[in-house]
Amino acid sequence: MSTGPIATSTHPAAVSPGNRGEARPLAFIYDRNATRSHAILDMRLEGCRTYARRHGWQVADQWIDRGDDALSPGRPRFTALLEIMRTQARIRPVLCLVHTWDRLAHDGDLRIALQQRVAQAGGYVATTFDESDERAHAVLVGRADA
């Protein structure tokens, strides 16, 4: 579900450090679902959309890895989310919005690896419980000045 078109301009002149920070953040909603049941998934997704609305964020869309993909480190839908996020990060602030940290992964090492992928794409991860790894961005991308 999308709340409007995503700007696709990638012209460097259209982006400056001054106007990127003033732009409305773009939220990429992500979840995973290994079961056939969709009721709880639908509630989590609605919670993410509500949270984004309350914060004034535009929602790019939602990406859901299902079945075995939801349990594997590869995560094809997550990878697709990151490809689009990378193009948008040049234009405005971007974030991957999940209901809870476990929606990325229950395993701590895999969750950190996925957070690093988001940071490398130019974004950060936020949860609907007011948690975020935004301040850890430099550490997640492996910068020496962290």
Side-chain angles (χ1 to χ4, degrees), residues 1-11 14-15 17 19-143 146:
M1 181 174 118
S2 181
T3 59
I6 300 172
T8 56
S9 171
T10 56
H11 300 289
V15 181
N19 68 12
R20 183 184 179 275
E22 296 170 15
R24 189 169 148 203
L26 186 61
F28 293 73
I29 295 174
Y30 177 75
D31 208 323
R32 60 197 183 94
N33 192 36
T35 67
R36 291 182 186 192
S37 171
H38 295 272
I40 293 174
L41 171 66
D42 292 341
M43 288 189 314
R44 289 192 307 256
L45 294 171
E46 182 57 33
C48 287
R49 287 189 293 270
T50 299
Y51 188 85
R53 235 183 344 266
R54 269 196 346 246
H55 284 80
W57 299 337
Q58 180 182 356
V59 173
D61 208 341
Q62 61 189 32
W63 288 260
I64 304 163
D65 279 307
R66 298 179 188 274
D68 290 341
D69 289 338
L71 303 174
S72 75
R75 309 272 176 91
R77 299 298 296 152
F78 185 76
T79 299
L81 175 157
L82 295 175
E83 289 173 15
I84 298 169
M85 178 181 278
R86 190 169 285 109
T87 66
Q88 294 302 303
R90 295 181 234 159
I91 301 166
R92 61 173 126 182
V94 293
L95 64 124
C96 176
L97 180 59
V98 293
H99 182 64
T100 64
W101 292 116
D102 284 347
R103 300 326 308 149
L104 283 178
H106 290 291
D107 177 77
D109 290 337
L110 178 55
R111 184 169 52 246
I112 289 170
L114 295 172
Q115 287 176 257
Q116 287 173 325
R117 290 177 65 191
V118 171
Q120 291 163 352
Y124 65 94
V125 179
T127 75
T128 59
F129 289 86
D130 292 325
E131 301 166 309
S132 164
D133 64 10
E134 186 175 18
R135 290 186 172 186
H137 187 270
V139 173
L140 288 168
V141 295
R143 285 200 339 234

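This chain uses plain numbering: 1 for the first residue, then up along the sequence.
- Arg86 is linked by a side chain to side chain donor-acceptor pair (under 3.5 Å) to nothing, counting only residues two or more places apart in sequence or in another chain.
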**OP:** Using the side-chain contact (heavy atoms from CB on, under 4.5 Å) rule, take Val118 and Phe28 through it: C-alpha gap first, then chi angles, then the decisive distance, then the call.
**Re:** CA-CA 11 Å; Val118 171; Phe28 293 73; over 6 Å; no
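- Contact record, Arg75 with Asp69: CD-O, 3.3 Å, taken as the closest heavy-atom pair.
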**OP:** Apply the test side-chain hydrogen bond (donor to acceptor under 3.5 Å, both in side chains) to residues Arg103 and Thr100: give CA-CA distance (whole Å), side-chain angles for both, the deciding distance (0.1 Å), then the verdict.
**Re:** CA-CA 6 Å; Arg103 300 326 308 149; Thr100 64; 5.2 Å; no
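- Listed by first and then second residue, the ring pair (Phe, Tyr, Trp, His ring centres under 6.0 Å) pairs that reach into residues 73-118 are Tyr30-Phe78, His99-Phe129, sequence neighbours excluded.
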Original post:
Could you walk me through whether Leu82 and Met85 pass the side-chain contact (heavy atoms from CB on, under 4.5 Å) check?
Top reply: CA-CA 5 Å; Leu82 295 175; Met85 178 181 278; 4.3 Å; yes
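- In this structure, Gln88 CD and Arg90 CZ are separated by 9.0 Å, a value rounded to the nearest 0.5 Å.
- Atom CZ of Arg117 sits about 15.0 Å away from atom CD1 of Ile112, to the nearest 0.5 Å.
- Applying the side chain to side chain contact (heavy atoms under 4.5 Å, CB included) rule to His55 yields the partners Tyr51, Trp57, Asp130; only residues at least two apart in sequence or on another chain are considered.
- At least one donor-acceptor pair closer than 3.5 Å links the side chain of Asn33 to the backbone N or O of Ser37.
- Applying the salt bridge (charged side-chain N to carboxylate O under 4.0 Å, His left out) criterion to Arg77, with sequence neighbours excluded, gives no partner residue.
- Counting only distance, with no hydrogens or angles, the side chain of Arg49 and the backbone of Ile29 share no donor-acceptor pair below 3.5 Å.
- No donor-acceptor distance shorter than 3.5 angstrom exists from the side chain of Arg92 to the backbone of Ala89, with no hydrogens or angles considered.
- Taking the side chain as every heavy atom from C-beta outward, Ile91 and Leu26 never approach each other to under 4.5 Å.
- Every side chain to side chain donor-acceptor pair (under 3.5 Å) that Arg44 has, sequence neighbours left out, goes to Asp31.
- No donor-acceptor pair closer than 3.5 Å links the side chain of Asp65 to the backbone N or O of Arg32.
- Of all non-hydrogen atoms in Leu104 and Val125, the two that sit nearest each other are CD1-CG1, 4.0 Å.
- Nearest heavy-atom pair across Ala70 and Ala34 is CB-N, 4.0 Å.
- Nearest approach of Gln120 to Val141, heavy atoms of both residues: N-CG1, 3.7 Å.
- Remark: Asp133 CG to Gln116 CD distance equals 10.0 Å, nearest 0.5 Å.
- When all heavy atoms of Leu97 and Thr127 are compared, the closest pair comes out as CD1-C, 4.1 Å.
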Subject >> Trace of the side-chain contact (heavy atoms from CB on, under 4.5 Å) decision for Arg53 with Val59 >> reply: CA-CA 8 Å; Arg53 235 183 344 266; Val59 173; over 6 Å; no
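- With hydrogens and angles disregarded, a donor-acceptor distance shorter than 3.5 Å links the side chain of Arg24 to the backbone of Gly56.
- Shortest non-hydrogen contact noted between Leu114 and Pro73 is CD2-O, 4.4 Å.
- Among residues two or more places apart in sequence or in another chain, the salt bridge (charged side-chain N to carboxylate O under 4.0 Å, His left out) test is passed with Asp102 by Arg111.
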